[in-house]
Protein chains: 2
Amino acid sequence: MARRGSYAKGIAKREEILTAALDVIARNGYRRTSVRELADAVGLSQAGLLHYFSSKEELFQEIVRKRDEVDTAVYGPDLADRAIDSLTALVAHNTQVPGLVQLYAQVSTEAAGDPDHPSHAFFVERYANIREEFARFIRTEQAAGRIGEDIDPEATAALIVAATDGLQTQWMLDPSFDMVAHLEQLWKLITRSSSSGAQPVD
Amino acid sequence: MARRGSYAKGIAKREEILTAALDVIARNGYRRTSVRELADAVGLSQAGLLHYFSSKEELFQEIVRKRDEVDTAVYGPDLADRAIDSLTALVAHNTQVPGLVQLYAQVSTEAAGDPDHPSHAFFVERYANIREEFARFIRTEQAAGRIGEDIDPEATAALIVAATDGLQTQWMLDPSFDMVAHLEQLWKLITRSSSSGAQPVD
DNA sequence: GTCTATATTGGGATAGAC
DNA sequence: GTCTATCCCAATATAGAC
């Protein structure tokens, strides 16, 4: 609980700003979005908004984090036993919010490519977490005999994440490109691996 | 052949600029590279350099195109019967030039995400070409019995391209991440597909 | 073809009043 | 906490001399 009312209110305002920002960016895209525009969307001045975030880069990192939070709330539950379904559902949802895909692609690329970028460490951790979640899921599937033992959980997790990222580029270039189908194709390759004789009993 | 000496010289100068730019970016990365810095590298003023390119964005698109040209000269020959080997060799080479990977990731992401970006069409075509080359290669491998008939050439080509792009993000976040190994793992999944009973005779 | 110098803009950061 | 005002900087883009 917050120590003071005003503190709690500050937190709430931050959340309000982030939620509104996601909305604006989902519609307008990221490339042409300035702090000023996001400020307008919540009825604040640019300076007023920057009262809550120390810089533009911090603001955008928090927007990305907020998006993760929202997506996790929707697609996260039962991740352990449905990771691939959650991911395809999320990817399907992403086709409805091109601006957010663009935001993510841009911010993650900038931060990844520059070790000094303030969000670099954030993304390092984010990717490690996602890979770990998927690796765990794959191990579970292996234990259940639905994936061959010759599949390396960590490496395959990294591959799924990479494909998901890369498919977005091709989708942005051509919105008729079917990210979900391609992701499912990869999953089929994984579940069909050579030593996977065992079929789900069901 | 050029119509006039001065015209040919202009072309040569452009090439010189692009080659020098690749060199600078390979070392310094893309994020903090301005037109002025690239101009310095060839002993021109900023205005002098922009005599050869109409804008900054055009300049950077040409730098990316030049890189493709250089890479194609080295890794392109015999692409038809060794596409996957060429790709892994190229990816291995890329680990030596982080700045260029960063440049590519950034420029392609910006251009992909914005239909109005001057390089958007360039990348649409570039991806179509690469996918087509890989799809053709996969068909050849299928004809030779090295890949199962249940593999969809176009979709699999898109997947390989996506993985290649996405692996770069993870490598940028952690240079010890092995892009080549992960790409080879994907290729193994593809060649091991279920109905691929035929093994290379060799 | 190349330079110097300047225009222009876009936008982030900051100071200080309320 | 929020606003207004302003600062300031980075760059690109352009004009015009040589």
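This is a predicted model, so every value here is computed, not measured. Per chain, numbering begins at 1; letters A, B, ... match sequence-line order.
Going from atom CD of A:E58 over to atom C1' of C:dA13 covers 14 Å, rounded to whole Å. Atom OH of A:Y52 is separated from atom P of C:dG12 by 19 Å (rounded to the nearest Å). One can place OH of A:Y30 at 11 Å from P of C:dG11, the figure rounded to the nearest angstrom. Atom C1' of nucleotide C:dG12 and atom NE2 of A:H51 are separated by 17 Å, given to the nearest angstrom. Atoms NZ (B:K13) and C1' (C:dT2) sit 9 Å apart, rounded to a whole Å. As a whole-Å value, the separation of A:L49 CG from C:dG11 P is 15 Å. In this entry the distance linking CZ of B:F53 with C1' of C:dG1 reads 14 Å, nearest Å.
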Handout entry: side chain to side chain donor-acceptor pair (under 3.5 Å) between B:Y104 and B:D68, intermediate numbers included
Key = CA-CA 10 Å; B:Y104 178 82; B:D68 271 352; over 6 Å; no
Exercise for the section: Start with the C-alpha distance between B:S54 and B:E58, add both sets of side-chain angles, then the distance that settles side chain to side chain donor-acceptor pair (under 3.5 Å), and finish with yes or no. Expected result: CA-CA 7 Å; B:S54 52; B:E58 193 215 323; 2.5 Å; yes
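Between the side chains of A:T88 and A:E184, no donor-acceptor pair of N or O atoms lies under 3.5 Å.
When atom types are taken as modelled, the side chain of B:S119 and the backbone of B:Q61 share no donor-acceptor pair closer than 3.5 angstrom. Within the 3.5 Å criterion, the main-chain N or O of A:Q106 finds no donor-acceptor partner in the side chain of B:E110.
Within the 6.0 Å centre-distance limit, the rings of A:F60 and A:Y30 are counted as a close aromatic pair.
Scanning for ring-ring contact (aromatic ring centres under 6.0 Å, His included) contacts around B:F177 gives B:H182, with sequence neighbours left out. B:W187 meets the ring-ring contact (aromatic ring centres under 6.0 Å, His included) test with B:F137; sequence neighbours excluded.
The pair B:E62-B:R67 fails the salt-bridge criterion, with no side-chain N (NZ, NE, NH1 or NH2) lying under 4.0 Å from an Asp/Glu carboxylate O. Electrostatic pairing of B:K66 and B:E15 counts as a salt bridge here, judged by a charged N lying under 4.0 Å from a carboxylate O.
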Completion exercise
Letter by letter from the 5' end, nucleotides 11-18 of chain D scores (B base, S sugar-phosphate only, - none; protein heavy atoms under 4.0 Å) SBBB----
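Heavy-atom distances under 4.0 Å link DNA chain C to no residue of residues 107-115 of chain B.
Taking the screw axis at each terminus of the helix from C:dG1-D:dC18 to C:dC18-D:dG1 from five consecutive base pairs, the angle between the two is 0° to within rounding of 10 degrees.
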What pairs of donor and acceptor atoms, side-chain ones from residues 38-46 of chain B against any protein atom, are under 3.5 angstrom apart with sequence neighbours left out?
from: B:S45; atom 1: OG; to: B:G48; atom 2: N; distance (Å): 3.0

